[in-house]
Structure formats: C-alpha cells, structure tokens
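So the structure is just underneath, and the comments pick up after that.
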2 protein chains.
Amino acid sequence: MTDDVMTIREMCAAYDVTPRTLRFYESKELLSPIRKGQKRLFTRRDRARLTLILRGKRFGFSLEDIRQLLDLYHLGDQQRTQIERTLAVARERLQEMRQKHAELETAIEELSHQISTGEQTLSKTATGQPDT
Amino acid sequence: MTDDVMTIREMCAAYDVTPRTLRFYESKELLSPIRKGQKRLFTRRDRARLTLILRGKRFGFSLEDIRQLLDLYHLGDQQRTQIERTLAVARERLQEMRQKHAELETAIEELSHQISTGEQTLSKTATGQPDT
DNA sequence: CGTTATGCTTACGTCAACGTCAAGCAATCT
DNA sequence: AGATTGCTTGACGTTGACGTAAGCATAACG
C-alpha cells in the first residue's frame, strides 16, 4: 500500500482539477501535501480536505470561508478559544446553509411552475400540428 | 399611487444594492427601467426581475445564466424556437438546483454533526476543569 | 444666482480564483 | 549525452461582478 499518498497527477485525475488548482490551494493553506524532494505527495487528509473544499465551492462559499471550516474537521491540538471561534463560524455557516436550503426549495417550485406554464404555452401554439 | 415606479435611490434602499449595480444590470440587459429625461425609473417588472436576479445570485448562477432564465418569466411575444431554448435552459438549471438541494441537505447534516462533535470536545476539555 | 445634491456616462481599478506562459531542475528513455 | 517528460516556482493574464473617480447636466435650496 504505497498509495497511501497520491501524486499531483493522480489527484487531478481523481478530482477533476488542474495542477494549478492544487498548488493554488496549497498556497492558500487549504492543503499541505508532504514533499518528497521536489514533489508533492497528497495524503488521505489532503484528499478529505479537497472533497470538502469542492463541496463548499458548489455551495458558494469562498475559499477563505472554507479554510476556516476545514479546521472543524480535525480539531486536534488546537487551543480552546480557537476551537470556539471555529465553532462560531461553523454555526453561522450552518445557518446560511439552512437558509439557502429553504430558499432553494422555493425557487425550485417557482421555476418548475414556470416551466410547465411555458410548456403549456408551447403546446397551444403547436407547430402546425394539432394536439395529439 | 405615483409610486408605480421607483427612483434609483429607492431601489437601492429597498434591495440593498448600489446605483452602480443597478446600472450595471441595465447594461447587461437584465433590467430596463424607463427614462424620464435623463433619469431611470424602475417599474414593477424591474422589481420582480431584480428579486429573481438576487435570488439567482445566491445560488451561484452567473448573471448570464440568470438573464436567460428571466425570459421564462414573461414569455410573451417570443418565437417558438426561442421559447424552446429558454425552456431547455430552464430544465437544465432546475436539474442543477435539485442536485444542489440534495447535496446541501447532506452537507448540512455533516456540518451539524461536526459541530456537535466539536461541542463535545469542548465540554470534555472544560475551561481549567479536569474531566468530570 | 451660487452651491449643494443627485444622477448620468465613461473609463479605469479591484478582487477572487484560477489559467497561461516562461524557465529551470530531475529522472527516465534512447 | 541528448531529448523528452513531469514537476517545480514565479509572474503576468483573464473573467465576472462590481467599485471608484472624473466630469458634466439637472434640480432644489436658500
């Protein structure tokens, strides 16, 4: 099991990102692959974090937001006050997410309503063809 | 009821946006306020659209995406093929939104789980207190 | 009638999140 | 050895969504 770690290429393939993206995330301290000489080796921890990063992005969180949240997922040797601040951030984000979730539900309903209205408009003005 | 229309300042106050933003949206053909001489007057239609624009943005849609979706909300004098394309776009977006909705649900559960784990960590390492 | 406020247009500035080169090691293939 | 391939580190370019500043017009106030 040498593949406890992955190279940058393997990571790119696995997560569908570019090398540039991974290096960029490292520069922003979102990832911290180990260095074998010159090269980066990404651990399970990096992979878990990347999963969370990509998910966070889909929900519209900034990388900076995500960086703060990531700490939550491996509270180890941190200071108590640090943990508390992280928790506070997390609770805020959770609130935002719940809010979004609810709004999204409304928006989905509205949009799907509009779509069926549109479909009816179409079927009435059918293309030369009468109704089936 | 002269306030069938609103000035740019009123709009800014009502929707918490800047004048720049409203003019920018107009330049991108997302809004089309009428002109009284030099000045812009925003109608109910503009307001409805702005509501949808801001909502769309919260869900991570680009202004261009939103511009296409907006057409759906007032299919009037359009061409049939144009309506069909709009509907196609809308269905795609609806799919995305449903996907996001589901993912968001998962993420909410995970995050809230992590938060309670974090809280327990805190309560065990209570301030200066040894384990209970 | 001067000035203060508001609005308009035009144009350049900014910030996030990368993309896209350029230039240089290092290992590997021929 | 030479060439190729993969990875590295800068450094500058790009796109979307505005911010900001300059300059002029119009309107309102005193």
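From a predicted model like this one, the values you see are computed outputs, not experimental measurements. Sequence lines set the chain letters: A, B, ... in the order given, protein chains first and strands last, and positions in each chain run from 1.
- Within residues 25-44 of chain B, the residues having any heavy atom closer than 4.0 Å to DNA chain D are, in order of number, B:Tyr25.
- Counting only residues at least two apart or in different chains, ring-ring contact (aromatic ring centres under 6.0 Å, His included) contacts with residues 26-47 of chain B are absent.
- The side chain to side chain contact (heavy atoms under 4.5 Å, CB included) search around B:Ser112 returns A:Leu94, A:Arg98, not counting sequence neighbours.
- Chain A approaches DNA chain C over the interval C:dA17 to C:dT20, counting the first and last nucleotide 5' to 3' with an atom under 4.0 Å from its heavy atoms.
- At a non-hydrogen distance threshold of 4.0 Å, A:Thr18, A:Arg20, A:Thr21, A:Phe24 from residues 14-24 of chain A come into contact with DNA chain C.
- B:Glu92 places no side-chain N or O within 3.5 Å of a backbone atom of B:Val89 that could act as its donor or acceptor partner.
- B:Arg85 is linked by a side-chain hydrogen bond (donor to acceptor under 3.5 Å, both in side chains) to B:Gln82, counting only residues two or more places apart in sequence or in another chain.
- Heavy-atom contacts of chain B under 4.0 Å fall on DNA chain D between two terminal nucleotides, which in 5' to 3' order are D:dA17 to D:dT20.
- Residues meeting the salt bridge (Lys or Arg N to Asp or Glu O under 4.0 Å) test with A:Arg93, sequence neighbours left out: A:Asp65, A:Glu96.
- Annotation: side chain to side chain contact (heavy atoms under 4.5 Å, CB included) contacts of A:Thr18 (sequence neighbours excluded): A:Arg20, A:Thr21.
- Contacts of A:Arg23 classified as side-chain hydrogen bond (donor to acceptor under 3.5 Å, both in side chains), with partners at least two apart in sequence or in another chain: none.
- For residues 102-112 of chain A, the set of pairs meeting the salt bridge (charged side-chain N to carboxylate O under 4.0 Å, His left out) definition, not counting sequence neighbours, comprises A:Glu103-B:Arg58, A:Glu110-B:Arg55.
- Note that CG of B:Leu111 is 6.0 Å distant from CG of A:Leu69, once rounded to the nearest 0.5 Å.
- Listed for the A:Asp4 side chain is no donor-acceptor partner under 3.5 Å among the backbone atoms of A:Thr43.
- For the side chain to side chain donor-acceptor pair (under 3.5 Å) with A:Thr117, the lone residue among A:Gln114, A:Glu119, A:His113 that qualifies is A:His113.
- Not counting sequence neighbours, the partners of A:Lys28 by the side chain to side chain contact (heavy atoms under 4.5 Å, CB included) test are A:Phe24, A:Leu30.
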